[in-house]
Amino acid sequence: MFMYRLYDTHLVICGIVNDNEILNKAEDEESPVSSNEAKLGLRAVLSFYKDMILTTVYFDSVSQPMGCDPILGRDCRPVASGIDDYKFERVQSFKYLGAEINESANSYEEVKKRITAANRCYYSLMPLFKSRLLSIKSKITLYKVIVKPVALYACSTWATTKSDEGKLAVFERKILRKIFGLKRNNDGRYEVRGNRELDDLYKEPTIVGSLKSTRISWAGHVWRSERMIGSITKWKPDTKRPRRRPRQRWVDRKKEDLKLLNVRNAEKCANDREEWKQYVVAAIGLKGL
């Protein structure tokens, strides 16, 4: 069971364990588990739960740390939640299924970590990328099948900025330059291939295009869903966004991608799976911001 607490500038999401069922089972005569043992087991389970606040206020300076109100001059975050006398550990980020989620709800750190992981994968395969026994086609397959999925793991939920997409594009071009190698100019000297030349030689969807396509595919799944994920996405808090320039959200990036495809009434179109697949395929050709 999940509980959502909405404050003026914060949305708190925390996991709640139903301890009554455990204690009731312990009081049953046929149950071999005593009440004290059940409480100890409950505490062991609760130790895995963390409390994190998704804040809409973002200050990364020392004088105004995240969650502080610059006008009131105090920490406006609510106290840590818990059950009875047990308090959940307050964290600023945590990993869920291999993807990092932070309290500022941005993808900046996650994109950097995915690129770092993909770099390690790439350098572990460097002997194959340098080998003259493998064709260019085989090396491209290595990149598409092994390296690229590492960089784009869980990218369907990223709220990327222009800087994030630029870093992904730079990472991809670095690998393509290694695959296609240097070129010889008219003077007989070797030089590095340009970006446009790499695009002409690659003739495959770029990493940014694959990101946008995956994000639009996930958006269609969310809109069609009648479960919790669909309800949470469609839910709108009864508050205003803070002043100053708002951060990029997943919803904003999704709308921009669909706008480039001239898609109107996207939520209605998502119900038609065949029509939505066409938009997903078309999004592969999209470039960066």
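Count residues from 1 along the sequence.
Asp187 contributes no side-chain N or O that, together with a main-chain N or O of Arg189, makes up a donor-acceptor pair within less than 3.5 Å. The closest donor-acceptor contact from the side chain of Arg193 to the backbone of Leu198 lies at 3.5 Å or more, if one exists at all. Formation of a donor-acceptor pair under 3.5 Å by the Asp164 side chain with backbone atoms of Thr161 is found in this model. The backbone N or O of Ala283 lies less than 3.5 Å from no partner atom in the side chain of Ser213, so there is not a single donor-acceptor pair. Under the 3.5 Å distance criterion, the side-chain polar atoms of Arg224 are matched with a main-chain donor or acceptor of Ala270. Judged by distance alone, the side chain of Arg215 and the main-chain N or O of Lys254 form no donor-acceptor pair under 3.5 Å. Between the side chain of Thr214 and the main chain of Ser210, a donor-acceptor pair closer than 3.5 Å is present. Judged by distance alone, with hydrogens and angles left aside, the side-chain atoms of Ser107 form no donor-acceptor pair with the main-chain N or O of Glu110 at under 3.5 Å.
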* Can you list the steps and then say if Met126 with Lys178 is a side-chain contact (heavy atoms from CB on, under 4.5 Å)? -> CA-CA 9 Å; Met126 185 60 73; Lys178 174 61 68 174; 4.2 Å; yes

* **Test side-chain contact (heavy atoms from CB on, under 4.5 Å) applied to Ile216 and Val263, step by step** => CA-CA 11 Å; Ile216 290 178; Val263 180; over 6 Å; no

* To do: Could you check Phe171 against Val111 for side-chain contact (heavy atoms from CB on, under 4.5 Å), going step by step and ending with a plain yes or no?
  => CA-CA 11 Å; Phe171 167 73; Val111 171; over 6 Å; no

* To do: Please lay out, stage by stage, how Glu274 and Gln278 fare under the test side-chain contact (heavy atoms from CB on, under 4.5 Å).
  => CA-CA 7 Å; Glu274 295 301 324; Gln278 297 178 7; 5.7 Å; no

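Annotation: ring-ring contact (aromatic ring centres under 6.0 Å, His included) contacts involving residues 105-131, sequence neighbours excluded, comprise Tyr122-Phe129. Within the structure, the ring-ring contact (aromatic ring centres under 6.0 Å, His included) test picks out the following pairs touching residues 256-281 (sequence neighbours left out): Trp223-Trp276, Trp276-Tyr279.
Atom CH2 in Trp250 sits 9.0 Å away from atom OG1 in Thr157 (nearest 0.5 Å). The line from CD1 of Ile140 to CG of Leu134 is 12.0 Å long, rounded to the nearest 0.5 Å. Distance NZ/Lys167 to NZ/Lys162: 14.0 Å, rounded to 0.5 Å. Taking CG of Asn195 as the reference point, atom CZ of Arg173 lies at 4.0 Å (rounded to 0.5 Å). Put simply, CD on Glu256 and OG1 on Thr160 are 11.0 Å apart, with the number rounded to the nearest 0.5 Å. Note that OG1 of Thr141 is 9.5 Å distant from CD1 of Ile146, once rounded to the nearest 0.5 Å.
Across Val208 and Ala169, no two heavy atoms sit closer than the pair CG2-CB, 4.4 Å. Closest heavy-atom contact between Ile284 and Pro205: CG2-CB, 2.9 Å. The minimum heavy-atom distance linking Pro149 with Lys144 is given by the pair CD-O, 3.2 Å.
Side-chain N/O atoms of Thr116 and Asn119 include no donor and acceptor closer than 3.5 Å.
Cluster membership check: Val147 shares its hydrophobic cluster with Phe180, using side-chain heavy-atom separations under 4.5 Å among Ile, Leu, Val, Met, Phe, Trp and Tyr. Hydrophobic clustering places Val280 together with Leu258 (ILVMFWY residues linked when any side-chain heavy atoms are closer than 4.5 Å, directly or through intermediates). Put simply, Val222 and Val251 are part of the same group of oily side chains (I, L, V, M, F, W, Y) that touch within less than 4.5 Å, one to the next. No chain of hydrophobic side-chain contacts below 4.5 Å, direct or via other Ile, Leu, Val, Met, Phe, Trp or Tyr residues, connects Val170 to Ile179.
With sequence neighbours left out, Lys112 forms a salt bridge (Lys or Arg N to Asp or Glu O under 4.0 Å) with Glu109. Residues forming a salt bridge (Lys or Arg N to Asp or Glu O under 4.0 Å) with Lys183 (at least two apart in sequence, or on another chain): Glu191, Glu197. A search for side chain to side chain contact (heavy atoms under 4.5 Å, CB included) contacts involving Ser225 returns Arg227, Ile229, not counting sequence neighbours.
With salt bridges taken as basic N to acidic carboxylate O contacts below 4.0 Å, one links Asp257 and Arg253.
Residues Leu211 and Leu152 form a side-chain contact, since some pair of their non-hydrogen atoms from C-beta on lies under 4.5 Å apart.
In the hydrophobic clustering, Val192 connects to Leu182, Tyr190, either directly or through intervening members, whenever side-chain heavy atoms lie under 4.5 Å apart.
Around atom NZ of Lys174, more than 12 heavy atoms belonging to other residues, nucleotides or ligands sit under 6.0 Å away.
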